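Structure first, then comments.
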Amino acid sequence: MPELPEVEVTRRLIAPLLVGRRIAAITTTRPSYVFVTSPARLRSALPGRSIRALERLGKYLLLRLDDASTLVIHLGMTGQLFSSRARSPRLLSATARSSLAPEEQAAFEPDGHTHLILRMEGSGPDVYFRDVRKFGKLLWLAPGKGHPRLDRLGADALKIEGAGLHAATRKRRVPIKALLLDQAVMAGVGNIYADEALFIAGVRPGRRAARVTRREADALAQGIVRVLERSIETGGSSISDYVTPDGSDGGYQDERRVYGRTGEPCLECGAAIARRVVAQRSAHYCPVCQS
DNA sequence: TCTGTCTCCTGAGAGC
DNA sequence: TGCTCTCAGGAGACAG
């Protein structure tokens with residue numbers, strides 16, 4: 001489930017394959033939930049365009065094109081953006097993996113989940129966007145055009161500070177975890193890193209946002225930046241479908257303190273990690289270390 | 001305006 | 001072995 005670190009790692013690794021190159025042609029699947037902009041519109045807008053820059057805004061990737069238009073990509077839950085030369089079993093379903101001999105399992109050919117193929121001019125690799133659950137988004141913005149999805153985003157989570165976070169919690173009755181997941185408050189935090197940051201700060205995910213003290217907000221802001229930066233350093237979290245653009249796994253899944261560790265001992269106190277639903281998301285926390 | 005719920009989607013895994 | 005059910009979650013739409 002790509003959050004800010006996974007998107008940032010993707011940006012850093014895929015940029016050299018895209019920036020400065022021209023799109024020769026694109027291939028799309030039929031219209032679906034993935035396409036905010038229709039496949040037909042993408043097919044007319046993208047070929048022939050050079051990519052000037054690849055930027056990140058929260059969990060969104062922005063491909064800046066030479067005609068000042070922008071291709072916006074959101075990876076959703078299971079989105080994968082990778083090189084056509086990438087090799088990873090994570091690029092195959094378990095069914096597909098099981099039907100292949102071990103030495104063949106890393107091979108990948110575009111399948112029905114590969115919604116966009118950017119075929120690039122020159123001898124370099126092409127770039128695939130694949131998304132099994134179709135929660136990802138592909139959106140093309142005409143030159144000079146914005147979009148409400150992007151306009152609503154709050155400050156980048158890597159730049160969040162205690163004062164700003166504390167101000168955002170005032171008079172908010174929602175659980176603090178719901179606030180952290182609100183992309184209008186800060187952009188980039190998802191379920192995994194919200195849980196991890198709350199553990200570092202010693203705050204339970206279900207506590208009302210307005211009851212978080214200034215001191216705790218400072219700790220929470222520091223915790224958010226700390227887990228995001230550490231995850232970027234390790235290549236992100238490969239918990240389900242995420243792979244880096246070259247097909248390798250991230251490393252942060254091995255450093256999780258609470259997320260997905262229900263029933264396992266807390267690394268600080270040994271108590272069993274608990275799980276409950278907060279804001280319709282599973283929240284993992286230590287009932288002793290977090291209050 | 002704020003908050004909570006529903007919806008979209010599909011593979012994995014549990015249970016029978 | 002095969003079928004059915006539940007779960008996972010980002011974010012927009014909608015109701016109260």
Side-chain angles (χ1 to χ4, degrees), chain A residues 1-8 10 29-37 56-61 72-81 88-100 105 108 111-116 129-139 146-154 157 167-196 205-211 228 236-243 253 256 258-263 275-284:
Chain A
M1 50 200 83
E3 302 180 28
L4 187 152
E6 291 75 34
V7 177
E8 177 61 19
T10 295
T29 50
R30 60 185 172 81
S32 77
Y33 202 64
V34 169
F35 294 100
V36 179
T37 301
R56 181 187 58 76
L57 196 57
K59 302 178 191 175
Y60 290 87
L61 285 171
V72 181
I73 301 174
H74 192 292
L75 299 178
M77 256 194 79
T78 53
Q80 299 166 319
L81 192 67
S88 169
R90 287 186 190 275
L91 298 174
L92 303 171
S93 68
T95 305
R97 282 197 294 272
S98 64
S99 66
L100 294 172
Q105 288 189 4
F108 175 77
D111 56 9
H113 302 305
T114 310
H115 303 291
L116 176 69
F129 172 70
R130 182 172 184 266
D131 185 6
V132 171
R133 294 186 196 172
K134 300 180 182 176
F135 279 13
K137 293 286 178 285
L138 293 169
L139 164 66
H147 194 277
R149 288 175 188 262
L150 305 180
D151 296 341
R152 280 197 294 267
L153 293 177
T169 63
R170 297 299 81 193
K171 298 180 182 177
R172 294 294 303 270
R173 295 173 50 81
V174 293
I176 182 63
K177 175 158 178 175
L179 189 98
L180 298 184
L181 296 177
D182 185 347
Q183 301 301 295
V185 172
M186 92 181 101
V189 172
N191 207 33
I192 298 172
Y193 299 106
D195 279 0
E196 296 295 311
R207 199 198 303 179
R208 297 271 187 202
R211 300 193 65 180
L228 295 179
S237 298
S238 290
I239 291 176
S240 56
D241 300 78
Y242 172 72
V243 291
Q253 66 277 8
R256 286 171 293 143
V258 286
Y259 181 84
R261 297 190 62 243
T262 308
R275 173 189 174 278
R276 62 171 287 204
V277 175
V278 176
Q280 294 191 299
R281 299 286 179 270
S282 58
H284 309 78

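Below, chains carry the letters A, B, ... as their sequence lines are ordered, and counting in each starts from 1. From a predicted model like this one, the values you see are computed outputs, not experimental measurements.
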Assess whether side chain to side chain contact (heavy atoms under 4.5 Å, CB included) is satisfied between A/His284 and A/Thr262, documenting all intermediate values. CA-CA 7 Å; A/His284 309 78; A/Thr262 308; 3.2 Å; yes
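Comparing A/Ala279 and A/Lys134, the nucleotide of DNA chain B nearest to each residue sits closer to the 5' end for A/Ala279.
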Walk along nucleotides 8-15 of chain C from 5' to 3' and tag each nucleotide B, S or - by protein heavy-atom contact under 4.0 Å, base first, then sugar-phosphate. BBBBS---
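Heavy-atom neighbours of A/Arg170 CZ from other residues, nucleotides or ligands within 6.0 Å: above the threshold of 12.
Nucleotide B/dT10 holds its P atom 8 Å from the NE2 atom of A/His113, rounded to whole Å. Atoms NZ (A/Lys177) and P (B/dG4) sit 15 Å apart, rounded to a whole Å. Atom CZ of A/Arg172 and atom C1' of B/dT1 are 10 Å apart (whole Å).
A/Phe135 pairs by the ring pair (Phe, Tyr, Trp, His ring centres under 6.0 Å) definition with nothing, not counting sequence neighbours. Residues passing the ring pair (Phe, Tyr, Trp, His ring centres under 6.0 Å) test with A/His115: none are found, sequence neighbours excluded.
Between A/Arg256 and A/Asp195, no side-chain nitrogen of the basic residue sits less than 4.0 Å from a carboxylate oxygen of the acidic one, so the salt-bridge criterion is not met.
Of the options A/Leu75, A/Leu61, A/Thr10, a side chain to side chain contact (heavy atoms under 4.5 Å, CB included) to A/Pro2 is made by A/Leu75 and by none of the others.
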